[in-house]
Visitor: 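Sharing a structure with you now.
Letters go in sequence order (proteins before strands), and every chain restarts at 1. Owing to the predicted nature of the structure, the values given are computational and were not obtained by experimental measurement.
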Amino acid sequence: MRLERYLNPEQQKAAETIDGPVLILAGAGSGKTRALTYRVANMIDSGINPWNILAITFTNKAAGEMRERIDDLVGFGSEEIWVATFHSTCVRILRRHIDKLGYDSSFTIYDSDDSKSLIKSICKEQGIDTKQIKEKKILNVISGCKDELMGPEEYETLAGGDWEQLKIALAYKEYQRLLKKNNALDFDDLIVKCVELFKKCPDVLENYHRRFQYICVDEYQDTNSAQFELIRLLALGHGNLCVVGDDDQSIYKFRGANIRNILDFEKNYPNATVIKLEQNYRSTQTILNAANAVIANNKGRKNKSLWTDKGDGNKIHFRQLDNSREEAEFITDDIARKVRNRDATYKDFAILYRTNAQSRELEERLIYEGIPYQIVGGQNFYGRKEIKDILAYLKTIDNGRDDLSVKRIVNVPKRGIGETSVKKAQNFADNEGISLFEALCRAEEIPGIGKTAEKLISFTKTIRVFRTKIEGNYYEDLPELIDDVINETGYIDEIRESDDEEDKDRERNIDEFISKAAVYEQKYADENPEAEAGPTLTQFLEEVSLVADIDNVASDAEKVLLMTIHSAKGLEFPNVYLAGMEDGVFPGDASKYSESDEDIEEERRLAYVGITRAKEELTLTAAKARMMRGETQYNDISMFVKEIPEEYFDSKIPKKKKHDIDFDDDISDYSMSVMRSAPFGGVSRTAIKRPSVKIAPEKKPYGFADGLKGLTKGSDLSAGRIDYEVGDCVRHIKFGTGTVKEIEVKDGSTNVTVEFEKCGVRVLNALFAKLTKV
DNA sequence: AAAGCAAGCTTTTTT
DNA sequence: AGCTTGCTTT
């Protein structure tokens, strides 16, 4: 194979270094996948059996693409390569061997919703006050422990005498007990249990050593300690471990990713070959300069700098709009214009943002302009109520030990089975040491159950009929089974009888779910041409729980894509908009006020990832006013915008004006009452607080109501309540005490400049700040 | 048992 | 603003 014809020297080195540990530091857009694809092709070319190659990625999409590209290149044998995500790799291994850990091989996979319900019931059971320790916190701690391979006992020991930690340790212990009882694993468990299995059963590990002689891990900067250990164990066999990643794109610390895994690779594998890919094939030099300038502010990174021979290209655009609605308008108009001018088509655009909440306004505007779009992430399709309900039925049919699923559907649709009855059944189950479903089967024995017993029995009969039908090969395929479930249980009837608009959506979603099942059925047939039967229910449920939204994005569809920057990692677009480039949004307040600079550095890496998604045109936008959690916030331009030298922009970046921001958030009682009378709650606050913001009464179908005009006029409400003057000492509810420096009346509102002892100088609107003279 | 209503909390990011 | 939760009522 003449690699030099297709690869640059560094890529070529990557493709040729097959044996031993290899670290490939691949900058954004540096042709990493290309190098990897050729690497695998080269391996097969040199006589390595594809069967002995393992390639691990983070998303199914990445796995699919890699397999496809290898296939294109090699032509055959690629299906023999094990290309899969961490999670699906572990599931595959566990399905074969988990009995050695005391689970049944038909275990259910819990998503984060399931985990949350389980924790909730544990808190109730154990008398943990969820107001003192939130479920979310408990889940975070547990997940964090698992990322570090720390079991409940170890955590308990570490907790020492700390009351809260002991409570969490108790919840953790109980959580694991119930998972096992339900024959279920959560996401983290998939990795943890796999490591546990390898440690407990050396023969199993050896088995996989024989198979996986060459291992390759993509996005290595995102691995956590458990994943590190998993890989380490597997690589113990032959030592041929190739990891690929970019420390500058490590953006999953919150999920336990340990950036040290990549930074310390050479320490862990002293004889590692290190290869740096720095030539970028994606973006213009201007975009790369901007990205380099931003990321240069991070400390403790592997030094590298992207370059291209593509030329400078266009300058970067920046626009600060008055509010988030105008930001959405600007972006969509810009897209519409470019499409109209035939500079691009819809699929060339992506709008990226920091948080999912930002997608709403953009979406509304895209609908208004009739621009085709797709939102990736956010509320997962499989997270919808109706889908979860059906999944709970399927899980119950598939794994009778999953009490959580049984509880979810035992009274859906309504069967007159109340909470108390379920509780009685659960108690009975606990006493007898059986599953909830078994308890329901023996409903007559449940103490004090009364007439409800009949209803319970009838429910279990319904479920058992499905099982019998499956065993008797009654169903042609999965869609048929699902169809039978929604009909026989009366689920679909309940939805159809309702005239709620939402229920119409539900029905459509269920239809979509059924077609997804059909698609999966087809995919399974394609992948297993020799298989006589279709996929099992277990396999289908597994597929469903392990797909991410991004996996279903068709890059050739003529749609504008909207997603978080996190979701966009690994993707590229000719035109990228980074929306909400504001201080407090991106970087978010949480990281800004965090004590370690690690958090802000992670945000900066995220900015770097965002910028480097753009191939040709990059547009950054910010809004002066934005509604967040029901409050209007006035944000300065993001520090990341300011870190880009002005020469790369086609316009000046506005400097922060003295009185332009820093209004206080507090709202007086009077203005609250005004707000409530406004047609759109919080929006009017914008008008009251900032009369200078233009609120044109436009024909727009959403948001800023016309009725505001009257309110803005009334902004002389401020007079009369001020009982302090320059030089006075005042107290503020949040900021404490300070000295009044300046009182200025502007546009009918009164701005008071106060120098606070603790928080420095702030400009407050006298109308809203509850300042009291002391 | 189920429906209807007020309070309160929320936002990082996801396999 | 929107969603979930808990409480109240029927």
Side-chain angles (χ1 to χ4, degrees), chain A residues 56-63 84-91 109-113 115-117 120 130-131 134-136 139-140 143 146-147 185-191 219 222-224 226-227 250-257 324 352-361 364 376-380 382-383 385 411 413-422 452 455 545-551 563-569 580 584-592 594 599 602-603 605-606 609-610 626-633 675 678-685 702-703:
Chain A
I56 293 194
T57 61
F58 269 86
T59 64
N60 295 297
K61 187 167 194 259
T85 65
F86 268 102
H87 295 270
S88 59
T89 297
C90 289
V91 171
I109 301 166
Y110 275 7
D111 65 21
S112 16
D113 267 1
S115 302
K116 198 172 172 197
S117 338
K120 226 178 222 172
T130 50
K131 276 182 189 123
K134 289 193 195 118
E135 295 101 323
K136 223 176 141 191
L139 280 167
N140 272 333
S143 177
K146 290 182 176 180
D147 289 341
L185 302 183
D186 67 13
F187 278 133
D188 301 313
D189 274 347
L190 296 177
I191 317 286
E219 306 280 13
D222 289 332
T223 52
N224 61 33
Q227 288 159 337
S250 163
I251 53 173
Y252 282 108
K253 185 177 162 222
F254 70 94
R255 209 171 64 189
S324 48
L352 310 181
Y353 34 78
R354 178 67 243 265
T355 64
N356 277 309
Q358 289 167 254
S359 68
R360 186 181 221 99
E361 268 186 307
E364 283 171 349
V376 179
Q379 165 73 299
N380 189 289
Y382 295 105
K385 210 177 297 156
N411 197 31
K414 309 247 177 324
R415 299 187 175 89
I417 301 168
E419 215 181 310
T420 20
S421 306
V422 176
T452 317
K455 298 174 189 166
S545 52
L546 293 181
V547 289
D549 213 23
I550 191 76
D551 296 332
M563 67 187 100
T564 62
I565 304 173
H566 279 92
S567 301
K569 194 170 63 141
V585 176
F586 188 26
D589 281 323
S591 51
K592 237 174 59 194
S594 158
D599 288 322
E602 173 129 335
E603 291 280 300
R605 289 193 290 270
L606 196 55
V609 168
R626 178 184 300 276
M627 275 278 277
M628 288 170 80
R629 313 134 106 193
E631 275 188 302
T632 306
Q633 300 208 348
M675 275 174 46
F680 291 91
V683 174
S684 62
R685 234 182 285 181
Y702 60 91

Visitor: Is there a side-chain contact between A/Lys136 and the phosphate of B/dC9, meaning an N or O under 4.0 Å from OP1 or OP2?
Guide: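 No, A/Lys136 has no side-chain N/O under 4.0 Å of OP1/OP2 on B/dC9.
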Visitor: Is the closest side-chain heavy-atom distance between A/Phe58 and A/Thr85 below 4.5 Å?
Guide: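 No, too far: nothing below the 4.5 Å cut-off.
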Visitor: State which of B/dT14, B/dT15, C/dT5 makes the closest approach to the side chain of A/His566.
Guide: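 The listed nucleotide nearest to A/His566's side chain is B/dT14.
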Visitor: Atom CG of A/Asn356 to atom P of B/dT13: distance rounded to whole Å?
Guide: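 Interatomic distance, CG of A/Asn356 to P of B/dT13: 5 Å.
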Visitor: For A/Ser324, run the side-chain hydrogen bond (donor to acceptor under 3.5 Å, both in side chains) check against A/Gln358, A/Gln633, A/Arg360, A/Glu361 and tell me which one passes.
Guide: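 For A/Ser324, the side-chain hydrogen bond (donor to acceptor under 3.5 Å, both in side chains) check succeeds only for A/Glu361.
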Visitor: Whole angstrom is fine here: how far is it from CG in A/Leu352 over to P in B/dT14?
Guide: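 In whole Å, B/dT14 P and A/Leu352 CG are 12 Å from each other.
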Visitor: Can you tell me how far P of B/dT14 sits from NZ of A/Lys253, to the nearest Å?
Guide: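 Rounded to whole Å, this separation is 17 Å.
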Visitor: Are any of the side-chain nitrogens in A/Asp147 or A/Arg255 under 4.0 Å away from the carboxylate oxygens of its partner?
Guide: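 No salt bridge links A/Asp147 with A/Arg255.
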Visitor: Check the distance between B/dT10's P and A/Arg360's CZ and give it to me in whole angstrom.
Guide: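 Distance, rounded to whole Å: 18 Å.
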Visitor: Write down the distance separating the C1' atoms in C/dG6 and B/dT11, rounded off to the nearest Å.
Guide: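 That atom pair is separated by 23 Å.
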Visitor: How does DNA chain B read in dot-bracket, base by base from 5' to 3', with Watson-Crick or G-U pairs under 3.5 Å and | used when the partner is on another strand?
Guide: ||||||||||.....
Visitor: Expressed in angstrom and rounded to an integer, what is the separation of A/Arg629 atom CZ from C/dC3 atom P?
Guide: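 Rounded to whole Å, this separation is 17 Å.
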Visitor: Look at all strands and tell whether A/Asp549 reaches a base, only sugar-phosphate, or nothing, counting heavy atoms closer than 4.0 Å.
Guide: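 Here A/Asp549 touches no strand at all.
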Visitor: Could you check which of B/dA2, B/dT15, C/dA1 has an atom nearest any side-chain atom of A/Lys414?
Guide: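 Out of B/dA2, B/dT15, C/dA1, the nucleotide with an atom closest to A/Lys414's side chain is B/dA2.
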Visitor: Among residues at least two apart in sequence or on other chains, which ones pass ring pair (Phe, Tyr, Trp, His ring centres under 6.0 Å) with A/Tyr252?
Guide: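 Checked A/Tyr252 against ring pair (Phe, Tyr, Trp, His ring centres under 6.0 Å); matches are A/Phe254, A/His566.
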Visitor: Using heavy atoms to find the nearest nucleotide of DNA chain B for A/Ser591 and A/His87 separately, return the residue whose nucleotide is more 5′.
Guide: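 It is A/Ser591, whose closest nucleotide lies nearer the 5' terminus.
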Visitor: For B/dT15, take OP1 and OP2 only and decide whether either is under 4.0 Å from a side-chain N or O of A/Ser112.
Guide: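 For A/Ser112, the contact criterion (side-chain N or O under 4.0 Å from OP1 or OP2 of B/dT15) is not met.
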Visitor: Identify, with sequence neighbours excluded, every residue that meets side-chain hydrogen bond (donor to acceptor under 3.5 Å, both in side chains) alongside A/Thr59.
Guide: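 Once residues adjacent in sequence are excluded, A/Thr59 has no partner under the side-chain hydrogen bond (donor to acceptor under 3.5 Å, both in side chains) criterion.
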Visitor: Would you kindly compare A/Ala548 and A/Thr452 by the position of their nearest DNA chain B nucleotide and give the one closer to the 5′ end?
Guide: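 It is A/Thr452, whose closest nucleotide lies nearer the 5' terminus.
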Visitor: If I take atom CG in residue A/Asn411 and atom C1' in nucleotide B/dA3, what distance separates them, rounded to the nearest angstrom?
Guide: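 It works out to 13 Å between those atoms.
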Visitor: Can you tell me the distance, in whole Å, between the CG atom of A/Asn140 and the P atom of B/dT10?
Guide: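 It is 13 Å, rounded to the nearest whole Å.
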Visitor: How is A/Asn60 classified with respect to the nucleic acid when contacts are heavy atoms under 4.0 Å: base, sugar-phosphate, or nothing?
Guide: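 Nothing, no nucleic acid heavy atom in range.
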Visitor: Under the side-chain contact (heavy atoms from CB on, under 4.5 Å) criterion, do A/Val547 and A/Tyr382 qualify, and how do the steps go?
Guide: CA-CA 9 Å; A/Val547 289; A/Tyr382 295 105; 3.6 Å; yes
Visitor: Phosphate oxygens OP1/OP2 of B/dA1: is one of them under 4.0 Å from a side-chain N or O of A/Thr420?
Guide: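 Yes, A/Thr420 has a side-chain N/O under 4.0 Å of OP1/OP2 on B/dA1.
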Visitor: Output the rounded distance in Å from NZ (A/Lys134) to P (B/dG8).
Guide: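 So the two atoms are 14 Å apart, to the nearest Å.
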Visitor: Tell me what A/Phe58 touches on the nucleic acid: a base, only sugar-phosphate, or nothing, going by heavy atoms under 4.0 Å.
Guide: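 If one applies the 4.0 Å heavy-atom cut-off, A/Phe58 turns out to touch the sugar-phosphate alone, with no base involved.
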Visitor: Given B/dT15, is OP1 or OP2 found less than 4.0 Å from the side-chain N or O atoms of A/Asn224?
Guide: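 It does not, given that no N or O in the side chain of A/Asn224 lies less than 4.0 Å from OP1 or OP2 of B/dT15.
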Visitor: Which one, C/dA1, B/dT11, B/dT13, comes nearest to the side chain of A/Met627?
Guide: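 Output: C/dA1.
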Visitor: Just do the side-chain contact (heavy atoms from CB on, under 4.5 Å) check on A/Thr355 and A/Phe586 with the steps written out, would you?
Guide: CA-CA 9 Å; A/Thr355 64; A/Phe586 188 26; over 6 Å; no
Visitor: If you look at every strand shown and take non-hydrogen atoms under 4.0 Å, does A/Gly377 touch a base, only sugar-phosphate, or nothing?
Guide: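 The answer is nothing, as A/Gly377 stays clear of every strand by at least 4.0 Å.
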Visitor: State, to 0.1 Å, how close A/Gly610 and A/Leu352 come at their nearest heavy-atom pair, and which atoms those are.
Guide: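 Distance-wise, the nearest heavy atoms are O-CD1, 4.3 Å.
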Visitor: Under a plain distance cut-off of 3.5 Å, with no hydrogens placed, do A/Ser112 and A/Ser115 share a side-chain donor-acceptor pair?
Guide: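 Looking only at side-chain atoms, A/Ser112 and A/Ser115 do not form any donor-acceptor pair under 3.5 Å.
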Visitor: Taking any heavy-atom pair under 4.0 Å as a contact, classify A/Gly588: base, sugar-phosphate, or nothing.
Guide: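 Touches nothing.
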Visitor: Describe the nucleic acid contact of A/Glu603 in one word from base, sugar-phosphate, nothing, applying a heavy-atom distance below 4.0 Å.
Guide: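 Base contact - A/Glu603 has a heavy atom under 4.0 Å of at least one base atom.
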